[in-house]
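Here's the structure, in structure tokens; my notes come after.
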Amino acid sequence: MDQHASDAQERQIRVRTLHEVVDGLIRVSPLLRTLDDLNVVSRHFLTLHNPVVSSDEWAAEDGPLAVNRDSILFVMELVAAPPVERTPDADRFSRASIRLRVGDYLVEGYLHVPPGGSPLKRLHQDSRPFLALTRASVSRQGANFEAPFLAINRTHILAAQELQPVEPAAQHGVG
């Protein structure tokens with residue numbers, strides 16, 4: 001996808017890396033979800049516009065900042081992205097309550113799985129680097145917050161545990 005396309009939307013996100021927290025804007029096609037943009041594997045860096053770095057170590061200067069995707073623990077939308085048209089297959093997915101250890105963070109939320117699927121198996125069945133967790137709560141000493149959506153970099157998942165049995169899509173109204 002060409003991020004310089006005239007129809008690109010700017011989305012405000014927060015990126016937690018191994019060492020920093022960076023807020024900024026990404027330019028995404030209105031046809032893509034934030035997760036889809038993160039999973040474009042041909043790009044090794046995520047470009048953030050108007051970056052604000054929360055670090056005592058360094059501050060970003062004016063201009064775009066490129067963040068190495070391999071260093072990203074997870075990404076959250078600071079302002080909910082506009083809805084993208086769903087495919088008919090999306091309604092078939094169930095959700096599973098899961099707990100993940102991502103770097104120094106404990107993350108709990110829902111992972112959407114295909115019918116009869118297992119969230120633990122889903123962790124390694126997909127070739128995309130980021131997976132989505134919904135209704136996520138994140139904790140670490142000195143940092144607790146909730147997010148309706150988190151994109152987790154599967155490379156940094158240290159451990160995972162299913163918390164409750166998978167709920168069929170009809171019980172929770174995926175959407």
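Side chains included, hydrogens not; waters and symmetry mates left out as well; all remaining heavy atoms used.
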How far apart are the closest heavy atoms of [X] and [Y], and which atoms are they?
{"X": "Arg140", "Y": "Asp104", "answer": "CG-O, 3.4 Å"}
{"X": "Ile72", "Y": "His156", "answer": "O-CD2, 3.1 Å"}
{"X": "Pro51", "Y": "Leu65", "answer": "CG-CB, 3.7 Å"}
{"X": "Leu35", "Y": "Ala132", "answer": "CD2-CB, 3.6 Å"}
{"X": "Thr17", "Y": "Leu73", "answer": "O-CD1, 3.5 Å"}
{"X": "Leu111", "Y": "Pro119", "answer": "CD2-O, 3.7 Å"}

Side chain to side chain contact (heavy atoms under 4.5 Å, CB included) for Ile13 and Leu46? Distances and angles first, verdict last. CA-CA 11 Å; Ile13 62 170; Leu46 175 66; 4.1 Å; yes
Which one of Arg11, Arg43, Arg128 satisfies the salt bridge (charged side-chain N to carboxylate O under 4.0 Å, His left out) criterion with Asp37? Arg43
Pair Gln9, Arg27 - check side chain to side chain contact (heavy atoms under 4.5 Å, CB included), show working. CA-CA 5 Å; Gln9 298 174 337; Arg27 295 187 178 139; over 6 Å; no
Please answer: with hydrophobic residues joined when any side-chain heavy atoms are less than 4.5 Å apart, are [X] and [Y] in the same cluster?
{"X": "Leu150", "Y": "Val21", "answer": "no"}
{"X": "Leu25", "Y": "Val40", "answer": "no"}
{"X": "Leu123", "Y": "Leu106", "answer": "no"}
{"X": "Leu78", "Y": "Val107", "answer": "yes"}
{"X": "Val52", "Y": "Val67", "answer": "no"}

Is the distance between the ring centroids of Phe130 and Phe74 less than 6.0 Å? no
What distance do [X] atom [atom1] and [Y] atom [atom2] have between them, rounded to the nearest 0.5 Å?
{"X": "Leu158", "Y": "Tyr105", "atom1": "CG", "atom2": "OH", "result": "13.0 Å"}
{"X": "Ile157", "Y": "Leu100", "atom1": "CD1", "atom2": "CG", "result": "5.0 Å"}
{"X": "Asp23", "Y": "Leu48", "atom1": "CG", "atom2": "CG", "result": "9.0 Å"}

Any chance the side chains of His112 and Thr134 put a donor and an acceptor closer than 3.5 Å? yes
Does either side chain, that of Glu146 or that of Ser137, offer a donor lying less than 3.5 Å from an acceptor on the other one? no
Are the side chains of [X] and [Y] in touch, meaning some heavy atoms are under 4.5 Å apart?
{"X": "Val113", "Y": "Ser118", "value": "no"}
{"X": "Arg135", "Y": "Arg95", "value": "yes"}
{"X": "Pro129", "Y": "Thr155", "value": "no"}

Show your reasoning for whether side chain to side chain contact (heavy atoms under 4.5 Å, CB included) applies to Phe149 and Arg33. CA-CA 11 Å; Phe149 160 82; Arg33 300 173 298 166; over 6 Å; no
Exactly one candidate in Val15, Thr34, Thr47 meets side-chain contact (heavy atoms from CB on, under 4.5 Å) with Ile26; the answer is Thr34
Heavy-atom donor-acceptor pair, Asn153 side chain to Arg69 backbone, under 3.5 Å: yes
Flag, side chain of Arg14 to backbone of Val22, donor-acceptor distance under 3.5 Å: no
Are Asn50 and Asp62 close enough, and set up right, to give a side chain to side chain contact (heavy atoms under 4.5 Å, CB included), and what steps lead you there? CA-CA 7 Å; Asn50 302 330; Asp62 288 340; over 6 Å; no
